[in-house]
K.L.:
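Quick one: this structure, given as structure tokens, is what I'll be asking you about.
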Amino acid sequence: GGMGEDLTVKVVADSAGRLTMPGTPFVPPGAPATLQYVGGDTFELGGTHLTFVRERGRVAKLRVDAVYALFVLKRQP
């Protein structure tokens, strides 16, 4: 997607319990999309920092700091 377009990402746990982002735009196609734990609610993927933002104890947003851009994505039910 380009600037101003909707961006949807999916975060899932794989069979080993690691968080992954299949089909993510934050790494090249075919590259591993396994999130590396940094600390707290923050992970890294290909140089991009991803922080899960909690509201009332539940993850409500995903803050994506991709160096060249900052996205705050709202959780969809």
K.L.:
Can you name the nearest heavy-atom pair linking Pro22 to Lys10, along with the distance?
P.N.:
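Heavy-atom minimum between the residues: CD-O, 3.5 Å.
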K.L.:
Taking only residues at least two apart or on different chains, which pairs with a member in residues 26-38 satisfy salt bridge (Lys or Arg N to Asp or Glu O under 4.0 Å)?
P.N.:
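Residue pairs passing salt bridge (Lys or Arg N to Asp or Glu O under 4.0 Å), neighbours aside: none found.
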K.L.:
Partners of Phe52 by ring pair (Phe, Tyr, Trp, His ring centres under 6.0 Å), sequence neighbours excluded?
P.N.:
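So Phe52 forms a ring pair (Phe, Tyr, Trp, His ring centres under 6.0 Å) with Phe43.
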K.L.:
Among the clusters formed by ILVMFWY side chains lying less than 4.5 Å apart, do Val38 and Val9 turn up in the same one?
P.N.:
no
K.L.:
Sorted by first residue and then second, give each salt bridge (Lys or Arg N to Asp or Glu O under 4.0 Å) pair with at least one member in residues 33-44; sequence neighbours left out.
P.N.:
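Residue pairs with at least one partner in residues 33-44: Asp41-Arg54.
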K.L.:
Would you say Leu19 and Val12 make side-chain contact, with heavy atoms under 4.5 Å?
P.N.:
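Side-chain contact under 4.5 Å: no.
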K.L.:
How far does CE of Met21 sit from OG1 of Thr48, to the nearest 0.5 angstrom?
P.N.:
8.5 Å
K.L.:
With sequence neighbours left out, write down each residue that passes side chain to side chain donor-acceptor pair (under 3.5 Å) with Thr51, or none if nothing qualifies.
P.N.:
Thr42
K.L.:
Apply side chain to side chain contact (heavy atoms under 4.5 Å, CB included) to residues Arg63 and His49 and explain how you reach the verdict.
P.N.:
CA-CA 8 Å; Arg63 183 178 187 271; His49 283 98; over 6 Å; no
K.L.:
Between Val53 and Val59, is there a side-chain heavy-atom distance shorter than 4.5 Å?
P.N.:
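No - every pair of side-chain heavy atoms lies 4.5 Å or more apart.
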K.L.:
Determine which pairs satisfy side chain to side chain donor-acceptor pair (under 3.5 Å) with at least one residue from residues 15-34, sequence neighbours left out, and list them in order.
P.N.:
Asp14-Arg18
